[in-house]
Amino acid sequence: MGDRVCGPEIERLIQLLARLPGLGPRSARRAALHLIRKREELFGPLAEAMRVARDTIVSCSICGNVDSCDPCTICRDERRDPSTLIVVETVGDLWALERSGAVKARYHVLGGVLSPLDGVGPKDLNISSLIERVAAGGISEVILAVNATVDGQTTAHYVTDLISHLGVRTTRLAHGVPVGGELDYLDEGTLAAALRARTDF
Amino acid sequence: MEWRDDGLIIGVRQYGEASVILEAMTRGHGRHLGLVRGGRSQRMRAVLQPGNSAELVWRARLDEQLGTWAVEPTQLRAATLMASAEALHAVGLICALLRLIAERDPHPDLYETAVLIAGHIGDERLAPLLVRLEIEILRETGFGLDLSRCAATGAREDLAYVSPKSGRAVSLAAGAPYRERLLPLPPFLREEAPDGEPTPQDVLDGFSLTGFFLKRDVFTPRGQGMPEARRAYLAEFSKRQEHFPTE
């Protein structure tokens, strides 16, 4: 083990930064050094922003999104179509769909997918609140925007089953050829799904 | 250490940011786990889905280590399965059943049955095959049913029930006085099964039979409930048959 090159405060900072996604010990050291160099213009504001965020961020009691207010900004937005509800796995998926800007709808974040391997059952997800929301009325379409994985689609079918008697239209995202995708490199199942879901040209 | 084998993917768990721990049922090495570096990449995500088959190469310095997999897909079924709830729940059930087998304990017959069933997902013969898989799982876990002869008379004909106590078949005549307490043995599970496809009621009787023993002898002693995928599959199966209630 080499000699210490910095005090425990900096070492602690590096250790914590190394726990962030995308950062390892080496990149955490670089980030820490960068912060130290930009102490006034970056380190201070970042620390303050993190403190404020930690104190104010809450989970939306309606949709499960994270925001600094409850209900969240999306649930408060009057311009969004209240009759369309997009069901997503995580907040990251919600942000991705918002970046697409394709639909101005409301969301519901499940908080994951059913996964027997990881011990995630229906009670561990925001499914009961989704059913209550749909049963309350005012929603005409539920779009299941979950990942195209076996676990994601099993969850989608499970949710569909639960809301099937509530008289709302249930749709899901199309599966098929991604933009830039080459047919030669696609798996047979995806190609078959794309062919089944072909549209008029 | 290095070996190559065919495998059916039965589970994937995220490990770190880019890798996954893959669980596969292999032909010669049983249920086996290993790390797939870069398993969360765009290309590998489509491959590493339960229900897909692959040629697997396992490498490790020592046999007892987790080791790493190199995965070459051979049959990608997952995308096709996603269109049907029944197919997805069937895959979930197959994976849950295979997970009952001890790790690294070879069960080549079980592997062959599982792959055969995975190939039939989506067709009419799936449900009876799943019942047979459950019977095979009971046998491989040490709780095999004896459906070859009557426990009371030794007769091989007219077997109609199974004793919940012993797991042995009972003939129609010998079981008549106790039929309320016995489990029905559907004809397609007899050694000399009649020709033709089993009726939906036979299939449901088969699931009731295997479900009873799986719950009592396998899941409950392990402190586990019956797999959610099994309940969901039976619900979908029954829904398709319309007039048959779920268990």
Side-chain angles (χ1 to χ4, degrees), chain A residues 18-24 27 90 112-125 127 144 146-162 164-165 170 172-182 184-197, chain B residues 9-14 16-18 20-23 33 40 42-54 73-99 121-122 224-233 235-236 239:
Chain A
R19 285 161 66 174
L20 294 175
L23 294 186
S27 42
T90 62
V113 286
L114 299 172
S115 172
L117 193 59
D118 297 319
V120 181
K123 284 179 188 156
D124 303 306
L125 304 176
I127 293 179
L144 295 163
V146 290
N147 290 336
T149 59
V150 168
D151 286 345
Q153 294 304 307
T154 303
T155 309
H157 284 292
Y158 182 82
V159 170
T160 308
D161 240 18
L162 294 178
S164 58
H165 65 284
T170 310
R172 66 169 185 175
L173 299 186
H175 298 163
V177 184
V179 174
E182 294 176 35
D184 195 23
Y185 288 92
L186 282 181
D187 67 277
E188 308 90 292
T190 305
L191 271 176
L195 274 170
R196 278 197 301 270
Chain B
I9 295 171
I10 60 172
V12 180
R13 201 178 298 171
Q14 189 176 338
E17 281 175 55
V20 296
I21 293 175
L22 171 72
E23 188 178 16
L33 280 83
R40 282 174 57 75
Q42 199 84 10
R43 190 182 77 83
M44 288 307 285
R45 274 189 195 187
V47 174
L48 304 180
Q49 292 293 319
N52 285 344
S53 288
T74 51
Q75 196 158 9
L76 301 174
R77 305 181 185 91
T80 317
L81 307 176
M82 286 176 196
S84 146
E86 195 175 336
L88 282 170
H89 296 316
V91 169
L93 175 56
I94 294 168
C95 296
L97 292 171
L98 292 176
R99 227 166 265 137
I121 289 178
Q224 298 173 7
M226 292 288 270
E228 172 61 24
R230 191 179 195 273
R231 187 208 58 75
Y233 175 77
E236 285 297 326
K239 205 193 294 175

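Per chain, numbering begins at 1; letters A, B, ... match sequence-line order.
Of the two parts of B:Val47, neither the backbone nor the side chain holds a non-hydrogen atom closer than 4.5 Å to a non-hydrogen atom of chain A. The parts of B:Ala85 that come within reach of chain A are both its backbone and its side chain, each placing non-hydrogen atoms under 4.5 angstrom from that chain. For B:Leu81, no part lies near chain A; criterion is any non-hydrogen pair under 4.5 Å. With a 4.5 angstrom heavy-atom cutoff, B:Ala96 does not touch chain A via any of its atoms. Proximity to chain A (any heavy atom under 4.5 Å) is restricted, for B:Glu23, to the side chain, taken from C-beta onward. Neither the backbone nor the side chain of B:Arg45 comes within contact range of chain A; no heavy atoms are under 4.5 Å apart. Contact annotation for A:Tyr185: neither backbone nor side-chain heavy atoms come within less than 4.5 Å of a heavy atom of chain B.
The CE atom of B:Met82 sits 9.5 Å away from atom CG of A:Asn147, with the distance rounded to the nearest 0.5 Å. B:Thr80 OG1 to A:Arg196 CZ: the interatomic distance, rounded to the nearest 0.5 Å, is 6.0 Å. B:His89 NE2 to A:Asp161 CG: the interatomic distance, rounded to the nearest 0.5 Å, is 6.5 Å. A:Ser115 OG to B:Glu228 CD: the interatomic distance, rounded to the nearest 0.5 Å, is 12.5 Å.
Counting heavy-atom pairs closer than 4.5 Å to chain A, the top-ranked of the candidates B:Pro73, B:Pro50, B:Gly16, B:Ala229 is B:Pro50. Ranking B:Ala18, B:Gly51, B:Ser84 against chain A, the residue ahead of the rest is B:Ser84, based on heavy-atom pairs under 4.5 Å. Of the listed residues A:Thr190, A:Leu191, A:Thr154, the one with more heavy-atom pairs under 4.5 angstrom with chain B than any other is A:Thr154. Ranked by heavy-atom pairs under 4.5 Å with chain B, the list A:Pro116, A:Ala148, A:Ala193, A:Ala192 is led by A:Ala148. Annotation: maximal heavy-atom pairing with chain B below 4.5 Å, among A:Ala156, A:Gly121, A:Gly22, occurs at A:Gly22.
Across all non-hydrogen atoms, the minimal contact from A:His157 to B:Leu88 is CD2-CD1, 3.2 Å. The two residues A:Leu23 and B:Glu17 make their nearest non-hydrogen contact at N-OE2, 4.3 Å.
You'll find the side chain of A:Thr149 reaches within 4.5 Å of the side chain of B:Gln49, heavy atoms only.
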